[in-house]
Structure formats: C-alpha cells, structure tokens
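The structure under discussion appears below in the form of structure tokens.
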Amino acid sequence: MTEPKHYFAPTSLDQAVECLKDGDVTILAGGTDLTPQSQSGKLRIKQTLMNIRRVPELTGITLEGDEIRIGALTTITEIMENALVKQHFPVLVEACDHFASDQIRNVATLGGNICNASPAGDTLIPLLVLDASVELASMPEATLYRHSMPLSTFFVGPGKTRRSLCELVTGVRIRVPGPNHIAHFHKLGTRPALDISTISIGIAGTLKEGILSNVRVAFGAVAPTPVRASQTEKALEGQRLDAVTIGKVAGIARDEVKPIDDVRATAWYRKEMIHNITKRMLSHVAQA
Amino acid sequence: MSVAEKKPRVIEPDSLIGKRIPKMDAPEKASGRTRYIHDINLSGQLYGRILRSARIHALIKSIDTSAARALPGVHVVITAADIPDQRPIGVARDHFPLKVGRVRSQRDEIAAVAAESEEIAEAALKLIRVVYEDLPVISDPEEAIKPGAALIHPEPHGADGTHLHLKQGTSIAHKGKPDNIAMTFDYVHGDVIQGEAESDVVIEDTFRLHYVTHCCMGVSGMIAEFDASGNLLMYSNTQVPFLHKREFAEYLNMDPARIRIIQPPIGGGFGSKLDIYPFEVICLYLARAAKRPVKMLFTREEEFLASPTRQPVLLTLRSGCKKDGTLTFRQVHTLHDNGAYTSWGATTPFVMMQTFSSLYRVPHCDYHTAAVYTNNPYAGSFRGYGNLQATFAIEQHMDMLAERIGMDSLAFRLKNAQDSGETTGQGMVFKSCGFKDCINTAAQRSDYTRKFKENEVNRSRPGNIRRGIGMASMLHVGGGAKIYPSDGCGTILKMDDFANVTLITGASEIGQGSETVLSQLVCEELGLPISAITVVNNDTAITPWDVGVHASRTTFIAGNSAIGAAKKAKTKILAVAAKKYECAESDLDLRGGFVIKASSGEVVVELSKLLRNLHFQDKAELVMTTFYYEPPSVHQDKGFKGDVSAAYAWGAQVVEVEVDTDTGRVRMTKVTGAHDVGRVLNRLGIEGQIEGGVVMGQGYALTEELLIENGVMKNPNFRDYKLVTAPEIPEMDISFIESMDGEGPQGAKGVGEAPAICVAAATANAICNATGVRMFELPFTPEKVYRALHGQTPKLYWKPWRADQ
Amino acid sequence: MLLKHDIEFTLNGVKRQVSVDVTTNTLAMLRDVIGLTGTKYGCGEGECGACTIQVDGVSLNSCLMFAVDCDGRDVTTIEGLANDSKADALREAFVEHGAVQCGFCTPGMIMQADHLLHKHPHADADSVKRGIEGNLCRCTGYKKIVDAIVAVDGAVK
C-alpha cells in the first residue's frame with residue numbers, strides 16, 4: 001500500500017514551490033482526477049501530498065496588458081461565468097459547457113485539466129487554438145523563478161507534460177485576440193456532457209474579407225496528446241473558404257490524424273469524423 | 001352544534017383508484033433517511049471481499065493464502081478447499097460459488113476474506129498467490145457450439161491433472177458437460193412448411209442483440225449473521241426472498257426454517273436480484289466461519305464485472321405473409337451466449353417464444369434456441385426477459401413485410417392484431433385485450449401515418465439531419481406467470497383500535513411502488529384514507545409467502561391477495577355493525593373512516609369506535625384476516641403450451657428520431673406510447689414505471705453496451721457504459737388503455753416490464769424511415785449507424801443450429 | 001500506518017473536528033467516519049452524482065473530494081438540507097411529482113437540484129436537464145425529476 005508520509009496545505013506560492021523542491025510530491029488541486037486515479041491504484045501518491053487549494057496566487061482571472069491570465073486553480077464553472085472570458089474567448093466557454101458535469105465543473109481546475117494532459121481534455125483544444133501559454137513557477141535556489149512556455153509544446157504524452165517535478169503550473173496566459181478573430185470548438189460525443197470526446201476540433205484564425213489567416217487548428221482524441229494540425233493549418237492559411245477549399249482541407253485533416261481504436265470508436269470512424277466535422281465547421285465559418 | 005343543524009352527517013363517495021398518490025416511502029428517501037443495505041452496520045461486523053480471477057479461462061494450479069491469513073485484522077480466508085461441502089448454484093447447478101480447479105470467466109471467485117475493515121480485507125486479497133495455467137478462451141458462441149470446440153465444463157480435474165471425481169452430486173458442476181450446450185428449447189405450433197407454402201412473401205434476416213446490464217444505482221451487497229443457536233439472519237437485496245430462503249438452506253445444508261431474510265430498501269432491481277450469485281453464498285460461508293456478522297458490498301467496477309447481464313442473442317427470423325396482409329408463419333432460430341454459467345438468462349426463451357408465437361396472429365410457428373457456454377459474463381434475468389430481443393426482430397419484420405406487399409404498416413399490424421377472447425397457438429387466452437386500441441392510439445397521437453410518408457419523401461432533401469418515425473408493439477404477461485409450483489402471494493391484515501390497518505404482504509418492494517398500490521387497494525375496500533395504513537413487506541419471519549418480484553406480477557397477484565384480505569375484514573366489520581345497529585349487512589358500507597348507510601352515505605358509526613366496542617366487550621375480538629391468492633393460470637405442458645398468465649399486457653410505442661448523417665448520431669426526440677394496463681390504479685406510479693421503462697429501452701437501443709473482448713469487459717464503469725442522462729430523454733406522451741381485466745385487482749394488469757420492450761424495435765424502424773437503411777444489430781451507436789449509412793456493415797448471416805439436426 | 005490529519009469544518013451548520021486519513025475521500029468520511037449515510041456511493045468516480053453534496057455553496061461529487069480538503073469549509077449534506085425549511089419545497093416537489101422510485105439517486109439529485117435552483121431560480125426544463133446531467137437515475141427516466149425541479153420555481157430562493 002502506498003501512502004503519503006506528509007500532508008501539506010500551503011497558503012502561499014512560495015511555500016508551495018518550496019515544498020516541490022524535493023520532487024517527491026503529488027499535487028492536489030480540484031481532485032476530480034486525482035481521487036479516482038489514486039483510489040483505483042492507477043496513480044501512486046508520492047511521499048508528500050500537497051493541497052494547493054489555499055494558494056491565493058493561483059486564483060483569479062485578470063486582464064494584464066493585452067493578455068488575460070487565468071489562475072491555475074480557476075474552476076471550469078468560474079471560467080464559464082467570467083465576464084472577461086465570455087467577452088474574449090467564447091470558444092473556451094463553449095468547451096467548458098461540455099466538460100463533464102456541473103458537479104465536476106464546480107471543482108475541476110484549469111491547471112488540473114492541463115496537467116492531466118488527457119488527449120481528450122476538453123479545455124485543451126480551445127486553449128491550443130488561442131495560442132495559450134502555460135505559466136510555471138519553481139524555486140531552484142532561494143527565490144521564486146517563473147517562466148512560461150507555449151501550450152502547444154507542453155504535452156508529451158497521455159498524462160505527461162514538460163512540467164518538471166519541481167515546477168508548479170500557476171496559470172495560463174492568452175493574448176486578447178484582435179479584430180476579425182474567429183474561434184470555434186466542436187466536441188463529438190454521444191451526449192451533451194458527462195462524456196469523453198470521440199474527437200474534438202478547434203479552429204481559430206483571422207477572417208477578413210473571406211480570407212482566413214493566422215490559422216490554428218487543433219484536434220483532440222486522435223493522438224497521444226491534444227495536437228495542433230500543421231498540415232491542415234497550412235492548407236487553410238490565406239485561403240478563401242469556398243466549397244472546393246473546404247472539401248480539400250477536410251481531406252487533408254482526415255489524412256493528417258493518426259487515431260487509434262478504443263472502446264469509444266475505431267480509428268476509421270475518428271478519421272471520418274475529423275473530415276466531416278472539419279468540413280461542417282469551416283462551412284459554418286464561411287457562411288457566418 | 002345547534003339543534004337546527006342536527007342533520008345526519010353524510011360521507012360522499014370517493015375513490016383512491018386512478019389518483020396520483022405519492023409513493024409512501026418517498027419523504028424518507030428524499031430526506032436521505034432511508035437505510036439501504038449499504039447504510040446498515042451491525043456491531044461486531046466484519047467486512048468481506050472476494051478475490052476474482054486474473055484470467056479468463058485457466059486451471060488453478062495452486063492457491064497460497066498463508067500471507068493473507070497472517071495479516072493482522074484478517075479473521076477468515078476461504079477458498080474452495082476450505083468448503084468441502086460446497087454445492088453448486090444456478091439454474092443448471094453448474095456453478096460453485098468458490099471455484100474448484102478452474103476459472104471460466106473474468107469475474108470468477110477464487111478466494112474470500114473477512115476482516116476488521118474493508119481496507120484490510122482488500123490488502124489481504126493482494127497477498128493471495130494463485131498459480132494459473134491458461135486455457136484457450138472461447139468468447140464466440142458460434143465457435144463454442146462447433147463440434148470439437150474446447151469444453152467450458154469438462155469433467156473436473158485436480159491441479160495434478162487427475163479427475164477430481166467430486167462424489168457429492170450429479171450436477172454439471174460435479175460431473176461436467178460433454179458439450180458446450182447449456183440449454184435448448186424447441187417449440188412448434190402449426191406447420192411452418194405449410195405456412196411458407198401459403199405465403200406470397202417470405203423474408204429472412206439475422207439480428208444481433210448485445211450485452212447490457214442492469215446498473216442498479218445501489219451496488220449489490222448483503223449482511224449475514226449466524227446467531228448462537230446457528231440460525232441465519234440475512235439482510236439481502238433479493239427480489240425473491242422465499243425462494244432464496246429455501247435455496248440458501250440447500251447450499252448451507254441447513255433447515256430452511258432457520259433462515260430469516262430481511263430486505264432493506266433496495267437501490268434498484270429490474271430483475272437482477274432474481275438469482276443467487278456467488279458473492280451471497282460466499283458471504284454466508286465467511287459469516288459461518290467467522291462466527292461474526294459479515295457485510296459484503298460491491299464496488300461499482302465489481303458490480304459491472306460480477307452482476308448478471310441481459311443475454312446477447314444471435315437470432316434468425318424467417319417470416320411470411322399473404323398479399324392481403326395475413327401473416328402466415330414465423331420460424332426462429334436463436335443462439336444465446338450463456339456465458340460461463342447458467343442463470344435465468346438461459347430460460348428467457350420461455351418469454352421469447354410467447355412473443356414469436358402470439359404477438360399478432362401467427363398460424364404456424366417454429367422456435368428453437370440453444371444457449372451456449374462461453375468464457376463471457378453470464379446472463380441473468382432483466383426487465384423484459386427476452387422480450388426486447390424477440391420484439392426487435394418481429395417488429396422490424398412487420399415493417400419489412402408490409403413494405404414488400406405494399407401495405408401500410410399500420411394497417412398491416414391492425415389486420416393481424418388480436419381481439420379479446422382469442423386463444424393463440426401457444427394456448428394463451430386473451431381475456432382482456434386492448435391491442436388494437438394501443439396501436440390506434442399510439443398512431444393517432446403521434447400522427448404516425450402522415451409523418452411516415454413525409455419522412456420518406458424528405459430523405460432526398462439536402463442537409464444532414466433526417467427525421468424518422470417508427471412503431472412497434474408488445475405482448476407480455478400481465479397476470480403473473482405460473483413457472484413455480486405456486487404463483488401466489490399471501491396477505492395478513494390487522495386493524496387496530498383506531499381503525500389503522502397494518503398490511504403484511506409477501507410482496508417485496510424494489511422501488512416500483514407496490515407498497516403504495518397495495519395500500520390503495522386495501523384502503524379502497526375499507527373506506528379509509530391512505531394515511532391509515534402501514535405496510536410490512538420485508539421480513540420472511542413476519543410476512544406470508546410470495547413467489548417474488550418478477551414477471552410484472554406484484555400489482556396483479558399481491559393486489560388480489562391484499563383485496564382478498566381486506567374484503568374478509570370488511571365482511572366481518574359489516575356483520576358486527578349490522579348486528580349492533582339491527583340492519584342488513586348489505587345496507588351498510590365503509591367510507592371515509594365510518595360505517596355508513598350504503599344508500600345515502602349517512603354515518604352510522606365511526607369505524608374506530610365500532611372496532612373498540614368489538615375489542616373491549618365481554619366476547620372481545622380483533623379484526624385480523626389472512627388471504628392467499630393463487631391466480632387461475634395454468635402450468636405449460638411439455639410443449640410449452642398453456643395459459644400461463646391470468647392476464648396479458650399489451651402496448652404500442654411510436655418512436656421519433658433525428659439521424660445526423662454526418663456523424664451517425666441518433667437523437668430520440670419523442671416516444672408516444674399506449675399501454676393496455678387493464679386499469680390505472682396509481683396514475684403517478686404507473687407513469688413513472690412507463691417513463692423509466694421507455695428510457696431504459698432508449699439506453700438499450702442507443703447508448704448502452706457492455707463491451708466484451710475475448711472474455712474481458714472493456715468498460716466496467718459509467719464513463720464508457722453509457723446510461724442515458726437527463727438531457728437525452730425524449731418527449732414522452734403516454735396513454736393508458738383501460739381494458740378492465742376481469743381477474744385483475746380493480747381491473748388492473750401488470751406493467752412493470754412492458755415499457756422497455758418495444759423501444760429498440762421502434763427505433764430501428766424509425767431509423768429506416770429516416771434513412772432507408774435497416775439496422776440489424778444493437779445498439780445504434782453513432783459509429784454503427786454511420787457505418788450502416790455508408791454501406792460498411794456486412795449483412796449478418798448465421799447458419800441456424802439445432803440440437804436435433 | 002495511514003497518515004492522519006486533523007481538520008475542522010462546518011457540517012450542516014455545526015462546527016466539528018475530525019481526524020481523517022489523508023487519502024480518504026469526503027464520501028467515505030461522511031459515511032464511515034461521521035456516520036451520515038444519506039450521501040450515497042454509486043460509482044466512486046464522479047460519473048453518477050449519487051454522492052453530491054455542497055461545499056461553500058457549490059455542488060460537487062463528494063467521492064472526488066479529498067476529505068482533508070474540507071478543512072475550514074462549509075459542508076452541507078442531504079441531512080443538512082433536510083433541516084433547511086427553504087428546501088422543503090424541493091423535497092415536497094420530489095414526493096408529489098413521483099420523482100422518487102428506488103430513491104438511491106434521490107439525495108444526490110436533490111442536492112444538485114438545490115444548487116441549481118439557488119443559481120437559477122427560474123430554470124426551465126431544458127436547463128434543469130442540463131443541470132442534472134451528472135446525476136444518473138435508472139428508475140424514473142428523469143421526466144418526473146425534471147417536472148419536480150421545475151415546479152419549485154419561486155418557492156425556493
């Protein structure tokens with residue numbers, strides 16, 4: 001039986017990252033993934049269980065210059081109900097609306113969803129197409145060290161990220177989009193919520209006079225991590241969204257993904273859905 | 001009261017029947033005060049846990065429990081070797097609770113622990129070392145039935161390869177089975193060859209029905225305790241306490257009279273608690289060995305792995321009709337995946353053949369089933385009991401035959417639907433029959449015919465959403481089912497000095513609302529408000545015998561029993577009152593808590609006062625009555641023929657869907673149902689039964705599937721075993737056809753299983769109406785529908801197999 | 001030896017101290033340590049909602065919450081709601097509308113409905129359905145549960 005030897009509930013960021021120094025720490029935030037995973041034995045709780053829920057620096061949604069910072073402890077419900085997010089990132093609200101259930105949205109945190117790094121993580125696809133970056137903090141010496149990295153480089157595998165054991169994800173930063181920015185999200189599952197995506201798609205960019213630029217396309221549940229679709233993006237960049245282009249791009253998207261068979265769907269069906277839903281979303285953008 | 005107003009008080013007639021009466025235990029449940037088995041703890045209680053097989057099919061070479069026994073806090077560790085007198089359980093007695101020498105499925109029980117806490121018990125399981133020798137896994141019944149297939153139940157061998165020669169018995173568990181055929185059924189009426197010769201159109205299709213499971217929200221559990229004299233007290237969620245009492249006694253080799261079963265409120269049943277499962281017997285072994293109460297509860301994962309399922313069926317149906325729309329014959333072959341052991345699932349052909357032989361007029365019918373052993377989970381009984389599977393095939397064929405002869409599918413159904421007074425080829429006598437009313441009502445209320453045609457036209461329109469409408473009908477027993485020697489139910493009724501009634505009934509309450517309906521029936525007879533009754537229904541030491549909750553029988557059988565007891569009480573009261581007030585008994589009646597004049601409703605005396613007078617007099621007496629009701633049904637003969645139920649329930653449902661052709665996703669938008677329930681007793685309760693059944697049928701049709709790969713369950717959780725959630729439910733328009741059954745309590749018939757039966761069949765018809773594509777395989781998941789729409793579904797084919805060929 | 005931690009929190013309006021295993025979840029603490037059994041175990045994975053409670057005014061699955069995290073917080077269970085006269089209308093609606101059959105999902109369903117109605121007192125049927133999408137019921141088909149919650153409109157603040 002693996003049981004932690006210490007429990008620690010820091011009340012400041014300094015305390016939290018200092019605790020992380022020895023690396024043998026399991027971080028508890030919302031707990032919606034950690035609880036079932038640890039109780040089923042899929043995840044071993046390390047020497048120290050650190051509950052970061054009482055760290056004020058990890059909360060809040062703030063406008064800082066041309067960026068919005070969402071603290072890692074922000075719950076999915078808080079994101080959905082926040083005026084800044086609703087105004088600037090309706091695509092994130094849309095994804096949050098499909099996230100698990102109300103009870104889980106009330107507790108699950110954005111930082112947790114990011115660190116859990118599920119290939120089907122609901123918030124990750126919109127964050128990827130919004131060019132979000134991840135804020136990390138650590139204490140290599142005696143003082144707090146912060147840095148950030150693009151979310152698109154953060155994920156390395158299912159449940160695996162570039163966060164080192166001594167680092168804490170403190171929040172995400174998203175640049176407030178300029179005029180003519182569009183962003184859309186679609187989650188394909190069998191029910192409105194309480195469902196893990198069969199696939200999910202995010203598409204964003206600048207749409208000006210019918211031409212799409214700065215294109216960002218991301219897919220969920222088709223690879224070991226949520227992924228940006230570089231070939232699909234390239235095919236869309238600078239294009240006018242006519243029927244021929246949409247058809248072609250949808251085909252490229254289908255060929256670009258390499259999903260697997262699992263209990264939710266076969267790879268074949270996932271590829272078909274990447275095609276059909278990409279096509280549907282682009283047609284929707286073109287008609288809007 | 002002034003002299004001028006001194007008129008006699010008059011009680012106006014009133015009735016509880018057909019009203020919306022809230023469920024009597026709902027306030028407790030809504031406050032979180034109800035104590036389910038999970039919430040009960042006995043002092044000195046230990047916690048039992050079971051070690052299940054790590055393999056699907058293997059020989060057990062050795063089991064080492066020494067480390068587990070040594071763990072502090074562990075009281076008892078048992079394996080089959082510790083219970084030399086183990087007796088096999090299950091319908092075919094092919095199943096030792098603790099496995100002897102061999103495991104045959106993922107959930108197989110190898111050892112069990114009773115410990116001071118669940119954590120210690122769990123830790124002890126991890127210390128048990130089992131050495132296996134793997135055997136080939138047979139997960140496909142078509143493979144299992146082939147000559148030369150490896151046997152699931154060969155003669156038992158010991159770890160050293162020698163025959164075990166288990167001498168105690170002659171069951172399959174003791175002696176093995178030389179083939180993998182668990183059970184066969186062969187039924188015939190008429191002559192299908194003649195039927196086929198008379199047909200203008202003949203069609204044949206194969207259908208595949210999948211694994212689903214009950215998913216009771218309360219997981220399984222029990223508490224067992226032997227007292228100092230060796231009497232056994234069980235807290236159990238069984239649906240059939242009196243049958244189980246006797247069975248448990250057999251397994252423990254003890255006198256059934258020394259077993260008492262208390263049934264705490266139950267977190268859902270749906271047929272799942274009709275058989276005895278290994279964990280229950282194992283819990284008794286643990287309690288016997290530990291001499292302490294032992295509580296055993298499943299985890300949700302265990303509930304998925306170790307509960308019974310609905311039986312997967314491969315079904316080939318051949319049917320025909322004449323050009324004028326007359327059905328001519330049905331020929332049916334089914335292959336049931338029995339799983340590794342035999343439970344009630346194997347016997348669902350009893351119900352399936354009724355549907356094939358008697359849903360619509362079928363002059364010639366030929367039905368064959370083989371239930372085949374595999375290394376898959378085993379199937380038990382589940383609401384509908386084979387009828388969902390049978391109806392799925394029949395009702396699709398009804399649409400297909402109608403289309404082939406160019407007849408409107410509604411007219412085709414009506415032409416072949418029965419009326420009251422008819423006897424079917426299987427000998428079922430339809431005394432009350434609202435079948436045509438059900439079909440007509442469902443069709444009219446849903447605007448079936450117009451929408452059906454409109455949807456066909458709209459198929460060629462642009463866009464990715466296709467609308468469809470489909471119909472299906474059902475027939476099910478509604479007045480019990482005479483399977484056991486008695487299909488009866490006993491009642492004890494007593495009245496106190498304040499005119500309150502205690503109704504002691506054999507009928508179990510599993511959430512369906514039987515206690516409320518029985519109370520209504522008794523209070524209706526005795527002219528009392530529902531608040532004047534207490535129901536006792538959960539203790540075999542107190543309640544009279546009943547065969548159990550199954551076959552949609554409780555309202556009908558227990559209802560008639562309760563009415564019988566109430567009538568006897570009423571007769572006695574009126575006799576006393578007539579004597580005291582010097583009038584004829586027939587001049588009096590009971591109403592609103594009073595004895596009244598039958599003609600005017602004028603109060604004669606307060607009932608409680610009369611009862612006190614009766615009690616506190618020289619020849620003191622109490623009002624206490626008993627009644628045992630046995631329905632006038634008959635056992636089937638050897639050819640499965642006979643009028644097995646006292647009444648039959650009918651229904652028709654129309655399902656409307658939207659199919660997204662881009663994704664294959666099917667949204668169920670509306671269900672219009674019409675059910676012949678005899679008579680509505682409690683409108684609130686019956687609506688709840690129908691709505692719940694419809695949504696259970698929706699899950700069967702669209703979302704639920706236990707995925708089994710090579711005997712391994714891939715989705716033992718609610719994340720990937722998808723129950724329908726609230727936003728997915730369709731609009732529901734439910735009508736009740738009141739055919740006033742002559743035998744039923746106040747005219748009512750059973751309805752518990754009916755609503756789940758035809759949803760999947762009607763959905764298949766609706767998808768076909770929407771897209772022109774017919775679906776032969778459940779469930780209609782987006783991927784399955786998408787594949788079918790893109791011609792990616794190979795036609796199912798199965799060469800029917802028969803034991804006699 | 002399991003690591004224990006002392007916590008102090010408000011449970012149904014009453015302050016209390018408990019020593020809990022740090023890896024125990026709140027559901028297990030409520031049922032097995034404290035002995036309040038109205039909160040039900042349905043799946044232990046947050047997929048069924050039977051264990052729904054309210055913490056600091058929001059609903060959550062108690063099976064997904066570490067018990068140690070209750071420290072300093074305000075926890076309400078069905079037993080607490082049963083003493084809350086404002087919630088009477090909700091319970092009565094469940095009874096009167098036939099929203100209770102086996103009743104096992106009912107406490108969690110009522111805790112979630114109470115949270116929903118505090119947030120959206122005039123929720124219509126569609127928003128109620130979305131609001132209880134994390135609560136599974138196998139008996140009723142949800143319709144009467146939705147009817148009951150919608151019917152409370154105005155009665156609960």
Side-chain angles (χ1 to χ4, degrees), chain B residues 20 22-23 25-36 38-41 118-119 214-219 265-270 297 299-301 303 510-513 682-685 687-696 698-699 717-719 723-729 732 755, chain C residues 2 21 28 31-32 35-48 50 77-83 90-111 126 128-146 148:
Chain B
R20 306 179 76 81
K23 197 163 168 0
D25 61 8
E28 285 292 291
K29 287 175 170 173
S31 310
R33 291 196 178 98
T34 301
R35 289 187 194 96
Y36 297 83
H38 323 82
D39 309 325
I40 296 170
N41 293 300
E118 279 188 305
E119 291 73 21
H214 306 72
C215 297
C216 301
M217 293 314 298
V219 289
I266 170 172
F270 316 113
L297 289 178
T299 62
R300 176 55 62 184
E301 185 182 28
E303 184 79 10
I510 62 168
Q512 82 277 39
N682 182 349
R683 194 164 291 276
L684 198 62
E687 283 176 2
Q689 280 293 301
I690 302 279
E691 289 161 9
V694 165
V695 172
M696 192 175 265
Q698 178 186 12
N717 55 62
F718 284 138
R719 190 167 48 255
L723 292 183
V724 172
T725 61
E728 298 165 86
I729 64 167
M732 287 181 263
Chain C
L2 302 180
D21 295 344
R31 291 181 57 84
D32 303 336
L36 288 182
T37 56
T39 308
K40 301 301 179 196
Y41 166 88
C43 71
E45 298 185 314
E47 301 280 344
C48 80
T77 67
I78 185 70
E79 289 89 352
L81 210 65
N83 294 324
L90 185 57
R91 269 195 309 280
E92 274 163 28
F94 266 64
V95 173
E96 295 298 319
H97 285 80
V100 181
Q101 287 188 30
C102 90
F104 202 83
C105 74
T106 309
M109 201 66 90
I110 286 184
M111 293 308 291
D126 283 339
V128 168
K129 285 180 193 169
R130 282 300 313 271
I132 59 166
E133 69 197 348
N135 295 74
L136 298 177
C137 169
R138 190 57 153 165
C139 296
T140 66
Y142 304 103
K143 181 166 183 286
K144 299 217 176 300
I145 294 173
V146 176

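Numbers restart at 1 for each chain; the letters A, B, ... are given by sequence-line order, proteins then strands.
The distance from the CD atom of C/E96 to the CG atom of B/L684 is 8.5 Å, given to the nearest 0.5 Å. Note that NE2 of C/H97 is 8.0 Å distant from CZ of B/R20, once rounded to the nearest 0.5 Å.
Comparing C/C102, C/G38, C/G141 by heavy-atom pairs within less than 4.5 Å of chain B, the highest count is held by C/C102. Ranking B/G269, B/P265, B/A30, B/G268 against chain C, the residue ahead of the rest is B/A30, based on heavy-atom pairs under 4.5 Å. Contact count against chain C (heavy-atom pairs under 4.5 Å) is highest for B/A726 among B/G692, B/G32, B/A726. Contact count against chain C (heavy-atom pairs under 4.5 Å) is highest for B/R719 among B/K23, B/Q512, B/R719. Ranked by heavy-atom pairs under 4.5 Å with chain B, the first of C/E133, C/K143, C/E79 is C/K143.
With C/C43 as the partner, the side-chain contact (heavy atoms from CB on, under 4.5 Å) test is satisfied by one option alone out of B/E303, B/R300, B/M217: B/R300.
Scanning both residues, B/F718 and C/G42, for their nearest heavy atoms gives CE1-O, 4.1 Å.
Heavy-atom distances place the backbone of B/T34, and not its side chain, under 4.5 Å from chain C. With a 4.5 Å cut-off on non-hydrogen atoms, B/E728 does not touch chain C at all. In this structure, the portion of C/I110 lying under 4.5 Å from any heavy atom of chain B is its side chain and not its backbone. Both the backbone and the side chain of C/R138 come within contact range of chain B, each with at least one heavy atom under 4.5 Å from a heavy atom of that chain. Only the backbone of B/I266 comes within less than 4.5 Å of a heavy atom of chain C; no side-chain atom from C-beta onward does.
Contact check for B/Q689 versus C/Q101: side-chain heavy atoms found under the 4.5 Å cut-off. Residues B/N717 and C/E47 are not in side-chain contact: their nearest non-hydrogen atoms beyond the backbone lie 4.5 Å or more apart. For the pair B/K29/C/V95, no side-chain contact is recorded, criterion being any heavy-atom separation below 4.5 Å from C-beta on. You'll find the side chain of C/K40 stays beyond 4.5 Å of the side chain of B/H38, heavy atoms only. B/Y36 has its side chain out of reach of C/T37: every pair of non-hydrogen atoms, C-beta onward, lies at least 4.5 Å apart.
Of the possible donor and acceptor atoms, one in the side chain of C/Y142 sits under 3.5 Å from a partner among the backbone N and O of B/V724.
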